[in-house]
Structure formats: structure tokens, C-alpha cells
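Input: a single structure, listed below in C-alpha cells.
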Amino acid sequence: MPLKAELHCHIEGAAAPELVIRQAQKYGKDTSPYIQDGSFVWHDFTSFLAAYDFSSDLFRTEEDYARLADHYLTSLARDGAIYSEIFTSPDHAGKAGLSPRAYTDALGEGMARAKAKTGIEGRMIVTGVRNAGVESIEQAARFAARCGHPLVTGFGVAGDERMGDLEDYVRAFEIAREAGLGITVHAGELMGWESVKAALDHIRPARIGHGVRAIENPELVGRIADEGVVLECCPSSNIALKVFDSFADHPFPALLAAGCKVTLNSDDPPYFRTSLKREYDIAAEHFSMNDKALAALTRTAIDAAFVDRKTKAMLLGRLDVKGR
Ligand code: ADE
Ligand code: ZN
């Protein structure tokens, strides 16, 4: 089994249905509109976000979030992951009644618990939510820039790509960049190549969340390869959300062949009936990748990780030992 690393997973979206049901019982909520027969129910991006927001609202205390992060990172480690970056959302935590700092400290506590059990390294990328508006995104950036939490190493924007304009978020990203945070932005998932180009032009990210619809413009694919921008690809998410019809139509192999730096990620695993392990299995089965090629993807992810040099060298060392 190749060692794995993940750069793109929304922590609220990593809560399994059983855990969400337990939280709902704790807070006296009815899950039946959103969870049926043990699975999340939704049919398009808007209803996916509704189920996601409903579930997020059931994580309200520091212990709820610590347990969620511990749960997720421990399960990742059991599947062979040595590194995990989670997207955090102070906006969701705020709606559930927790301050950004209490939320971030709690997630950090959960990550520390998982690391103590399994050795998995983790970092947090604070995200602003596009559908929450520019002011909320700038607030998230200001928090990320000043929070000083040692595990907060990046800033990103997620949410409904069909809303707002990337140019509107330039200031938020500048706040984060000036604070030394790594930059990633969701683009080219629900919207086409123009959105990826706008991200490169206006935001200048080190990484793009998804970015896969760059495939619609070969010149742009060349630019991504030349500039070394890393794509956080999430194949099962893309199929579930009907960005592409099937794995056979997914551009992952074409982007890799064109020289783009691609990585494998689960996005919101239980919503898309996946896991990081399953993404690696899918790459083996549908993209004809052998263990050596999969190990190279893990190396790309670690190279692109928003983590200090010493930790990165340690993680790369673990890959070298395994590869020998
Ligand atoms: N937030 C959680 N999952 C997301 C996705 N796939 N795209 C955009 N925002 C998200
Ligand atoms: Zn995402």
C-alpha cells in the first residue's frame, strides 16, 4: 500500500453520517431530510451544500470539533496517510456558536490526539466561504493571519463558485499572503477554464482546489504546468457533482501527461461515498497508475504542502524509506 497525503478535505464535510446522526440526537435535531439509509441525500451542488450546512451546524462545542478532527485523521492514518491538511471554516463554526479561536484550538487538539496515536502530521487551511460574502471572507483571512496557531499554515476560499467574483477576494488573499500563509483557491469545479485563469491572474495561488476544468483550454493547461501550480484533484467529488460523466472522462491523466502537478484528495468523503484510500484505488483502476506512480503523487502532495521545511523533509524521508 503506497503512503498517502491529502491536501484538500473540508473537515465539516468529513463527518460520517453515523457521527452526524449521533450529533443530531445530542442536539435534538431530525436528520431525515438529509440522511437516509445511512447515507447523505442530495442531488446537485445546492442541495449538497444544504446537507453540508445542516451537518456542520451539529458540531457546536470544542469537544465536538476535537472528536471530529481526531476521528478523521485517525481514519486517514489507518489508510496509510502520513500527512493531512484540513480546510477549516470559521464561518460554519460561528453559525454553530463557537468563536474562530475556540474552533481552531479544538480542531488542533483533535489533530494532536490523532498524531499521538498514529504519527499523522496535520495542518489547517482556514477558508472563507464564497456564498457568505466578501466581508466574511476577509474576516476569515484576518483571523488566519493573526491567530498564531502553529498548525494554521494556509488560507483558501471554498463554497459556491457560481457566486461572487474572484477579483472581489484579492484583498483577503493579500492579508493571508502577507502573513506568510500558503494560498489555495477553489476554481474550475462548477465553473469553466475562465475561472481557473481568473484565479491565476488575480489570486496567484500556489495551489488550486480542483482546477480540473482547465482542461477545456490547452493553453491554460500549459500555463499551469509552466508555473508549477499544484492541482488538488478530487475525482469522486467531480463525478458525484456531475462535473464529468465518468472516471473515463476525468482529465486527471491528461493533466498529469501535460506536466501539471496533480494530487489526489477526497474533498467531502462521505458525501461522495469515498475516502482518500478509495481515490488512490480509483487512480490505480481508472487512470492506470501503478504503485510507483501513486507514490509519486504522494511526493507531489508533500512537496506542495503548506508545512515548515523541517517537517517536510521528515515526511519526504518517510517516503524515501518506504520506496527503498
Ligand atoms: N465546500 C465543501 N465542499 C466543497 C466543494 N466541493 N466545492 C466548493 N466548496 C465546498
Ligand atoms: Zn473542496
Side-chain angles (χ1 to χ4, degrees), residues 6-16 20 34 40 42-59 68 72 76 84-96 107 123-133 136-137 140 154-166 169 172 182-192 195-196 198-199 203 205-214 230-244 250 252 262-276 279 301 304 306:
E6 182 165 67
L7 303 179
H8 186 129
C9 178
H10 303 261
I11 192 62
E12 284 82 2
V20 172
Y34 301 105
F40 289 112
W42 54 273
H43 59 275
D44 58 11
F45 191 77
T46 304
S47 55
F48 155 70
L49 273 190
Y52 180 97
D53 288 346
F54 168 81
S55 301
S56 302
D57 182 53
L58 297 171
F59 292 84
L68 174 58
Y72 183 59
L76 264 190
S84 153
E85 277 176 21
I86 57 170
F87 288 135
T88 71
S89 174
D91 192 70
H92 281 92
K95 285 189 183 127
L107 290 172
R123 295 293 184 272
M124 289 181 258
I125 301 176
V126 175
T127 59
V129 180
R130 229 165 139 146
N131 30 306
S136 160
I137 290 175
F155 176 72
V157 164
D160 195 331
E161 196 186 345
R162 297 166 299 188
M163 293 184 186
D165 201 329
L166 279 171
Y169 315 129
I183 301 294
T184 177
V185 59
H186 280 60
E189 177 194 23
L190 303 178
M191 303 291 278
S195 170
V196 180
I203 311 295
R207 308 192 323 225
I208 293 186
H210 301 284
V212 280
R213 288 186 60 186
V230 174
L231 302 181
E232 302 159 2
C233 298
C234 312
S236 290
S237 162
N238 294 155
I239 304 309
L241 286 166
K242 301 189 173 63
V243 177
F244 304 102
H250 198 280
F252 188 93
V262 289
T263 61
L264 286 172
N265 304 277
S266 67
D267 207 5
D268 305 285
Y271 291 83
F272 308 136
R273 297 172 185 272
T274 193
S275 64
L276 183 61
E279 296 306 302
F306 297 152

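Counting starts at 1 for both ligands and their atoms, following the listed order. The structure displayed is predicted, hence computed values, not measured ones. Side-chain atoms are counted along with the backbone in the values below, which use heavy atoms only and exclude waters and symmetry mates. Residue numbers count from 1 along this sequence.
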Query raised in the report: Between H92 and F59, is the gap from one ring center to the other below 6.0 Å?
Result: no
Query raised in the report: Below 6.0 angstrom between ring centroids: does that apply to F87 and H186?
Result: yes
Query raised in the report: Counting distance only, does the side-chain N/O of E85 pair as donor-acceptor with the main-chain N or O of F306 below 3.5 Å?
Result: yes
Query - Whether N238 side chain and F244 backbone form a donor-acceptor pair below 3.5 Å - result: no
Query - Test side chain to side chain contact (heavy atoms under 4.5 Å, CB included) applied to R273 - qualifying residues, sequence neighbours left out - result: S39
Query raised in the report: Taking only residues two or more places apart in sequence, or in another chain, which ones meet A301 in a side chain to side chain contact (heavy atoms under 4.5 Å, CB included)?
Result: A5, L7, T263
**Report entry** ligand 1: protein residues within heavy-atom distance under 4.0 Å
**Finding:** H10, F45, F48, Y52, A158, G159, H186, E189, H210, D267, D268
Query raised in the report: Considering only heavy atoms from C-beta outward, does the side chain of C9 approach that of S84 to under 4.5 Å?
Result: no
Query raised in the report: Using a distance-only test with no angle check, is there a side-chain donor-acceptor pair under 3.5 angstrom linking S236 and E279?
Result: yes
Requested in this report: Sort by chain and number the protein N/O/S atoms that are closer than 2.8 Å to the Zn ion (ligand 2), and list them.
Outcome: H8 NE2, H10 NE2, H186 NE2, D267 OD1
Query raised in the report: Can you name the nearest heavy-atom pair linking L190 to R213, along with the distance?
Result: O-NH1, 3.0 Å
